[in-house]
Amino acid sequence: MIVDDAHDNTLPLERIVSAVRSANGSANVLLSLRPYDVAHDRRALAQAGLHANEATMVEIGDLEFDDVLSPASEILDEAARLHAPSLATAARDCPPLIVTGAALINSGALDPRRFEGDEQLRLELTDRIAEALTADPASGQVPQDLLSAPAAFQSVRLAEPEVRTSLEALTGLPFDVCAQHLATLKGAGVVLSHSTTVRLVPDLLGDALLVKAARHNSTGLPTGYLARAMEAGQGGGPLAHVGAWAEADSGWRRMVLGAIACCRT
């Protein structure tokens, strides 16, 4: 059995592992998780009667450039493959951006040569995918805040009143409207629900959208969004997620710590 996003503490991981072992003692369980929450999974395994030393841990590092260049080259049309290095660098850690970028380049809707540097191209790709994900002809435009907010909370426990209040504060929308838009995003396959908890998938897309909301495209300076997310999430949900995200990406740690300081003063 494969348990993806095993770092999600809303999953009853210890019950899942215990049930699998009870049904088949020789079965293997593969847990896929982010490194910042290994302690959570260690506790869950202990509660299931397993010690972490009994498990085989494999740490997967960042993709090498050639590993990203290969799929980018394959997706791009032959005439556009000269842009593969730029696309691979800009979308280095987020496969949805590679697919989106390649489709835009192939159709002629995006020319990587127009952007000054790979980071500008990455921001443009994130903008384009956010626009595509929030376009819903049936119910009108889904606000992009409805993508940024789940990315900040990740996961959003809709059954908890304080989380609903935080979501309203961060998006500026009443909860019933938020719920309708989240249902639309779920139908598009962007939001995954587990009982009354929702989250953006894949996680790397959520990270890219959070980066987009957190800093200005032109200057790279903080927008204040992280501070607003932490202030809205008085229950600590966004603070915990954004803090963990910053630990995973040291390049953003200073910006996050600055946002925390502004929020607490």
Side-chain angles (χ1 to χ4, degrees), residues 34 60-137 140-152 154 184-185 188-191 200-226 242 245-246 248-256 258-259:
R34 292 196 169 195
I60 300 176
D62 294 336
L63 289 175
E64 298 293 336
F65 177 74
D66 288 345
D67 296 328
V68 185
L69 180 62
S70 177
S73 300
E74 290 178 10
I75 299 171
L76 285 168
D77 293 340
E78 185 173 354
R81 283 179 186 159
L82 73 159
H83 299 306
S86 294
L87 179 60
T89 303
R92 56 196 172 275
D93 57 358
C94 190
L97 292 185
I98 295 177
V99 175
T100 300
L104 291 169
I105 293 171
N106 287 340
S107 67
L110 181 70
D111 184 353
R113 292 170 296 190
R114 291 179 49 242
F115 300 93
E116 297 180 4
D118 300 317
E119 194 60 33
Q120 286 296 318
L121 176 58
R122 180 182 178 85
L123 291 171
E124 178 67 17
L125 292 176
T126 307
D127 279 342
R128 295 292 190 95
I129 199 170
E131 290 171 5
L133 293 174
T134 54
D136 177 34
Q141 192 79 6
V142 177
Q144 290 196 19
D145 277 350
L146 257 298
L147 288 172
S148 304
Q154 199 82 307
T184 298
L185 294 173
V190 183
V191 166
L200 283 179
V201 289
D203 277 352
L204 289 174
L205 175 59
D207 287 351
L209 292 168
L210 190 56
V211 169
K212 175 181 178 295
R215 69 173 185 175
H216 291 286
N217 286 1
S218 57
T219 64
L221 294 174
T223 60
Y225 183 81
L226 295 183
V242 172
W245 169 70
D249 186 346
S250 58
W252 289 95
R253 190 173 301 141
R254 182 175 300 176
M255 182 181 73
V256 173

Ala152 and Tyr225: which non-hydrogen atoms are nearest, and at how many Å? CB-CE2, 4.4 Å
Heavy-atom pair of closest approach, residues Ala88 and Phe65: CB-CE1, 3.9 Å
Report the distance from atom CG of Leu200 to atom CG of Leu146, rounding to the nearest 0.5 Å. 9.5 Å
Just verifying a value: how many Å separate Arg128 CZ and Leu110 CG, rounded to the nearest 0.5 Å? 5.5 Å
Testing the basics here: between Pro112 and Ile105, what is the closest heavy-atom pair and its distance to 0.1 Å? CG-CD1, 3.6 Å
With rounding to the nearest 0.5 angstrom, report the CD to CD1 distance, Glu74 to Ile98. 11.0 Å
Where do Asp67 and Pro71 come nearest, in terms of heavy atoms and distance? O-CD, 2.9 Å
Taking the side chain as every heavy atom from C-beta outward, state whether Leu121 and Ser86 have any pair of such atoms under 4.5 Å apart. yes
If you round to the nearest 0.5 Å, how far is CG of Asn106 from CD1 of Ile75? 9.0 Å
Just by modelled atom types, is the Ala103 backbone N or O under 3.5 Å from a matching donor or acceptor in the Ser107 side chain? yes
Over all heavy atoms of both residues, which pair between Ala91 and Val68 is shortest? Give the atoms and the distance, please. O-CG1, 4.3 Å
Trace of the side chain to side chain contact (heavy atoms under 4.5 Å, CB included) decision for Leu125 with Leu87: CA-CA 9 Å; Leu125 292 176; Leu87 179 60; 3.8 Å; yes
What residues, two or more places apart in sequence or in another chain, satisfy side chain to side chain donor-acceptor pair (under 3.5 Å) together with Arg113? Asp111
State the CZ-OG1 distance between Arg122 and Thr89, to the nearest 0.5 angstrom. 11.0 Å
Grab the two heavy atoms, one from Leu226 and one from Ala214, that are nearest each other, plus how far apart they are. CG-CB, 3.9 Å
OG1 on Thr100 to CD on Glu124, rounded to 0.5 Å: 12.0 Å
